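Bear in mind that the values here come from a model prediction, so they are computed numbers and not experimental data. Only heavy atoms go into these numbers, but all of them, side chains included; no hydrogens, no water, no symmetry mates. Every chain is numbered from 1 and lettered A, B, ... according to where its sequence line falls, protein lines coming before strand lines.
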Amino acid sequence: MIPPHDLTPTDSVDVDASIEDLPRVAEWLAGLAERDGWTDRMRFGLDLSLEEALTNVISYGFEGLPQAPRIRVDYFRLPEGHAGLRIVDNGIAFDPLSVAEPEVAESVDSARIGGHGVQLMRHFLTDLAYERAGDVNLFTLVAAPMGED
Amino acid sequence: MQIETEASGEDTVLKVSGRLDTLNAKPFEGKLLDAVKASNGAIVVDMAGVDYVSSSGLRALLVAGKAMSPHKRKLRLRTLQPQIQEVFDISGFSALFEIS
């Protein structure tokens, strides 16, 4: 249930390209969850997934680019209690869903540091979609009340 | 996020509460590595008060685990809330640490 492009967001927030801005975004999300009565699982899944996705954009999305970073998160209230978030940024074209899932490690020594963010998003969300539109990345995250589609 | 450190015999217990998110992961990793240097026993992370963990929080635990492993020291976790346990299960971290 990916929100179509012509759907007007219910709410939006601009995000600074700084990790320090993430708590403010989490508070914004908590307000939406409270207002729209998300289940605890939706709340946890979207909170986690948005943080993972924004951390990647902020950390790697603008390396070496001359333009000023612009990051926005749109929220869509969807049918059947679903909730959608779309991250819009003018950073480097990058599809987070193209990253291979980390191999299952057998020990602390062999475990790879990093790469678990998308794995967690796929687990807690029902739909994920990436698209490059002109000079922006659109990364959409959708959660359902029961964790089902 | 709040962290209280206390000694329990040879072991060190870190009682953590709040969000183990991207912003808090670095100070959490710092506290863990301080504890690794300060003793020779196991480190126990009490997660009863942790209601959120992202991959950055997992990373901090793994960094500490890797620092302890050559010395045959253990990093143990205890009292994970259900959604936190789920994050550990999905990422495969449940198999890397002793969880009670």
Side-chain angles (χ1 to χ4, degrees), chain A residues 15-27 29-30 33 38-60 96 99-125 141 143 147, chain B residues 1-2 18-30 32-33 36 42-43 45 47 50-77 80-99:
Chain A
V15 182
D16 295 341
S18 162
I19 296 298
E20 277 71 29
D21 202 28
L22 292 178
R24 184 180 64 86
V25 179
E27 278 182 31
L29 197 73
W38 297 354
T39 61
D40 286 348
R41 190 174 179 79
M42 285 171 77
R43 192 175 177 143
F44 187 84
L46 287 171
D47 192 3
L48 177 64
S49 301
L50 184 59
E51 189 203 315
E52 298 286 356
L54 285 175
T55 297
N56 284 339
V57 170
I58 291 167
S59 302
Y60 311 111
V99 177
E101 294 216 346
E103 288 178 18
V104 178
E106 290 179 0
S107 69
V108 163
D109 292 323
S110 65
R112 206 182 93 189
I113 290 177
H116 296 284
V118 173
Q119 186 181 35
L120 293 169
M121 289 184 216
R122 288 186 197 277
H123 175 74
F124 283 101
L125 301 180
L141 320 167
Chain B
M1 179 189 65
Q2 288 194 318
R19 287 170 67 90
L20 276 182
D21 58 16
T22 303
L23 196 57
N24 291 330
K26 270 291 165 193
F28 175 54
E29 185 181 309
L32 281 170
L33 293 176
V36 170
I43 291 179
V45 182
M47 309 268 288
V50 174
D51 55 12
Y52 177 94
V53 64
S54 68
S55 63
S56 303
L58 298 179
R59 180 188 185 283
L61 288 166
L62 189 55
V63 168
K66 283 181 182 290
M68 297 174 76
S69 179
H71 309 288
K72 308 291 179 205
R73 294 170 60 193
K74 294 286 184 193
L75 179 63
R76 300 194 185 106
L77 311 177
L80 273 60
Q81 294 184 20
Q83 278 170 327
I84 306 300
Q85 177 75 53
E86 199 172 337
V87 168
F88 276 76
D89 291 345
I90 295 308
S91 58
F93 274 54
S94 300
L96 302 182
F97 300 107
E98 217 174 278
I99 299 178

For residues A/Val108 and B/Leu96, determine if any side-chain heavy atom of one lies less than 4.5 Å from a side-chain heavy atom of the other. yes
From CA spacing to verdict: side chain to side chain contact (heavy atoms under 4.5 Å, CB included), B/Ile90, A/Leu120: CA-CA 7 Å; B/Ile90 295 308; A/Leu120 293 169; 4.0 Å; yes
Mind ranking B/Ser69, B/Pro70, B/Ser91, B/Gly92 by heavy-atom pairs under 4.5 Å with chain A and telling me who comes out on top? B/Ser91
Sort out for me which of A/Leu54, A/Leu22, A/Val104, A/Asp109 touches chain B most, counting heavy-atom pairs under 4.5 Å. A/Asp109
Looking only at heavy atoms, the pair that brings A/Leu48 and B/Tyr52 closest together is CA-OH, 3.3 Å
Side chain B/Lys66, main chain A/Ile113, donor-acceptor under 3.5 Å: no
Does the B/Gln83 side chain pair with the main chain of A/Phe44, one donor and one acceptor, at a distance under 3.5 Å? no
A/Thr55 versus chain B, heavy atoms under 4.5 Å apart: side chain, backbone, both or neither? side chain
Does the side chain of A/Asp47 reach to within under 4.5 Å of the side chain of B/Arg19, using non-hydrogen atoms? yes
How far does NE2 of A/His116 sit from CZ of B/Phe88, to the nearest 0.5 angstrom? 11.0 Å
Could you look at A/Arg112 and say if it's the side chain, the backbone, both or neither that has a heavy atom under 4.5 Å from chain B? backbone
Working to the nearest 0.5 Å, report the span between CD1 of A/Ile19 and CG of B/Asn24. 12.0 Å
Applying a strict 4.5 Å limit to non-hydrogen atoms, the region of B/Asp51 in contact with chain A is backbone
Ignoring hydrogens and geometry, is there a side-chain-to-backbone donor-acceptor pair from A/Glu52 to B/Ser55 under 3.5 Å? yes
Step through the shown structure and confirm whether more than 12 heavy atoms of other residues, nucleotides or ligands are within 6.0 Å of CD on A/Glu20. yes
Chain B contact via A/Pro102 - side chain, backbone, both or neither, heavy atoms under 4.5 Å: neither
Need one label for A/Glu106: side chain, backbone, both or neither, based on atoms under 4.5 Å from any heavy atom in chain B. backbone
